[in-house]
> 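I am attaching a structure below and will ask some questions about it afterwards.
The basis for the numbers below is simple: all heavy atoms, side chains too, and nothing from hydrogens, waters or symmetry mates. Throughout, a chain's letter reflects where its sequence line sits, starting with A, and its residues are numbered from 1.
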Amino acid sequence: MKKLRFYFLFIITLSLLDGCGDKCENLITYSIQVPVYMSKEQLAKAVSSIAAKALTNTGKIWIYDNFLFINELNKGIHVIDNTNPNFPRVVSFIQIPANVDLAVKGNILYADSHTNLLAIDISNPLQIKIVATIENAFPPLYAQSDPEKGIIVDWVEKEITEVVDCNQRYLDKPSIDGLMVRNNTGLTAQSNSAGKAASKGGSMARFALNDNYLYTVNQSNLKLFDVKNPVKPIAAADINIGWGIETIFPYKNNLFVGSMTGMHIFDNTNPSKPVLLSTYNHFTACDPVVVQGDYAFVTLRTDETGANLCPRGVNVLDVVNISNLRKPELIKSYPMLNPHGLGIDETNLFVCEGKHGLKHFDAKDINAIDKNLLAHLQGFDAYDVILNGNLLIMVGKDGLYQFDYSSKKELKLLSLMRVIKD
Amino acid sequence: MIKYIALIALFSLFIFCQLFAQEAKSLQKQKGFLSINEIGVMVTNESALYAGTNAQALSFHSFNAYQVVPSFAFGLGLGVDSYPDRLIMPLTVGISGNILKKNITPFYKILVGHGYNLSKNLSNNNNWGGADINFQGGLVVNPSVGLKVYIADSKAFILQLGYKHQESFIEQTVRGGSNFRQEVTFQRLIFSLGFSF
């Protein structure tokens with residue numbers, strides 16, 4: 001019996017010895033952006049209106065009359081009834097693949113979709129209708145393409161888990177973030193005085209409208225579309241204005257075009273043939289511009305998204321004297337945190353500071369704007385604003401905010417429509 | 001190589017027991033509190049984790065139990081295992097017992113439990129934006145056999161050969177996106193010396 005116990009122990013021990021040797025497995029999980037392809041036919045058929053849905057990844061904004069239009073990056077446009085800013089109501093969502101920019105004239109919504117310009121009848125936001133398409137109006141939105149798979153209309157995040165050699169120790173390996181190479185030629189919108197009803201976009205826009213023309217900018221060109229007949233837009237002038245074009249702001253008889261290296265001023269007395277008057281040069285930075293009276297307000301910022309678009313470390317608000325449009329002169333440069341879109345109404349100047357919130361300045365004294373900070377609201381992301389009467393409409397990664405700024409003492413929050421992430 | 005050394009040691013141990021076990025008054029405790037305390041080296045002849053570097057580790061362990069009869073005791077084990085890049089504290093439940101009633105006797109011990117990480121978690125900044133590193137323990141299974149040499153009432157020196165299966169994980173979140181998870185299973189032979197009372 002005792003010998004049996006010995007042998008039992010011996011066998012057990014032998015079997016355990018076979019399992020000796022450390023085992024190791026390294027798993028690396030990371031997210032990459034993978035392209036979503038669509039054929040041209042699918043792209044055309046995909047444009048439709050569907051029931052209202054939550055904001056998830058907001059982009060450009062436009063107001064027309066009592067309606068707000070908010071771009072959902074690469075997905076389409078939210079239509080919001082803003083008759084009562086205290087209770088904005090999402091009416092519908094217009095699906096437009098590869099859409100970034102928009103403008104609205106009457107009942108016609110102009111929107112880009114990949115390389116196409118669409119004119120969409122939105123008289124019934126729940127039952128929209130494409131009334132015109134101008135193909136190849138813009139450069140492709142994304143650089144990469146696989147002609148066999150179709151057109152890249154969006155990028156989605158995909159989680160990848162890889163098993164790698166265990167000798168690859170922790171801390172040795174850099175972060176593997178998804179690479180999304182975006183051809184920064186996407187069109188975005190900007191506004192103008194148009195017709196009786198208020199129709200305008202934010203300062204980050206690349207579309208601008210007047211009565212007869214839709215002005216668009218891509219990375220290198222100012223491109224016009226004749227919209228005298230709104231349902232039949234016609235491609236018009238195409239003007240090369242250099243590299244890094246970002247935004248367009250129409251003011252009176254001029255167009256102010258923001259680029260990564262400066263601000264271009266166009267004489268738009270003849271709306272079909274804008275003429276370059278001058279260029280105000282600045283450091284390489286991302287920069288929208290707004291204008292009031294003799295002054296242009298330009299924000300220059302360093303890109304903090306990791307895309308390394310504007311890496312010069314400049315974050316300022318430049319005030320430029322444009323009383324002589326042929327010779328713009330910098331009056332003063334004010335340090336900011338990370339300024340994005342901005343808006344000015346009389347002496348109320350609002351600057352979106354990205355993740356640092358929203359600033360409200362009294363701009364009565366152009367030389368002492370920094371000394372007249374009325375409010376700095378923090379705790380949310382601020383991307384762009386539209387000022388309309390005493391109503392401030394602001395979008396950011398967190399949602400749509402609306403403030404009443406009739407009192408300089410206090411910005412009164414009227415409503416907040418939160419972004420809901422997928 | 002280590003496996004062969006272990007086999008020789010094990011075989012010698014059994015032979016030693018057979019040859020030198022003497023019929024004398026038993027010094028073994030019949031019932032009551034039992035404590036086995038040991039220090040050992042945990043060896044492996046191949047390690048996918050520490051390839052090309054010194055992979056050996058030290059183990060300190062204490063098993064405290066209630067002995068029902070000399071061939072069976074049950075109790076709790078607590079120890080510290082020092083691997084080259086991490087410290088693990090195994091907390092186990094287990095059984096142990098003597099095989100013979102003589103003053104030199106083989107014994108067994110089987111422990112099962114969880115190894116808790118004692119390594120300080122790291123938060124490093126580096127060129128890639130930094131990362132948080134979190135060490136974690138896991139399942140531990142530790143059977144062993146050995147020889148007890150009684151020198152006084154209930155007191156014995158022990159020589160022990162064991163096997164330890166210890167799971168351990170490292171979670172690393174790199175600021176900026178990617179996650180790193182390392183799943184390690186240590187499978188070691190343990191040569192231990194100790195004292196039992």
> Can you confirm whether A:Lys23 sits close enough to B:Val184 that some side-chain heavy atom of one is under 4.5 Å from a side-chain heavy atom of the other?
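A side-chain contact is absent here, since even the closest heavy-atom pair is not under 4.5 Å.
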
> Nearest 0.5 Å please: distance from the CD1 atom of B:Ile170 over to the CG atom of A:Leu27.
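Spacing of CD1 (B:Ile170) from CG (A:Leu27) equals 12.0 Å.
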
> Check for a donor-acceptor pair, side chain of B:Gln187 on one end and backbone N or O of A:Gly21 on the other, with a separation under 3.5 Å.
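It does hold such a pair.
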
> Do you know which two heavy atoms are closest between A:Asp22 and B:Thr44, and how far apart they sit?
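Minimum heavy-atom separation between A:Asp22 and B:Thr44: N-OG1, 3.7 Å.
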
> Less than 4.5 Å apart, any side-chain heavy atom of B:Gln182 and any of A:Cys24?
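The answer is yes; the side chains approach within 4.5 Å.
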
> Identify every side-chain donor-acceptor pair in residues 60-67 of chain B under 3.5 Å, counting partners at least two apart or on other chains, and give the distances.
residue : atom : partner : partner atom : Å
B:Ser62 : OG   : B:Asn37 : OD1          : 2.6
B:Ser62 : OG   : B:Asn64 : ND2          : 3.0
B:Asn64 : OD1  : B:Ser35 : OG           : 2.7
B:Gln67 : NE2  : B:Lys29 : O            : 2.5

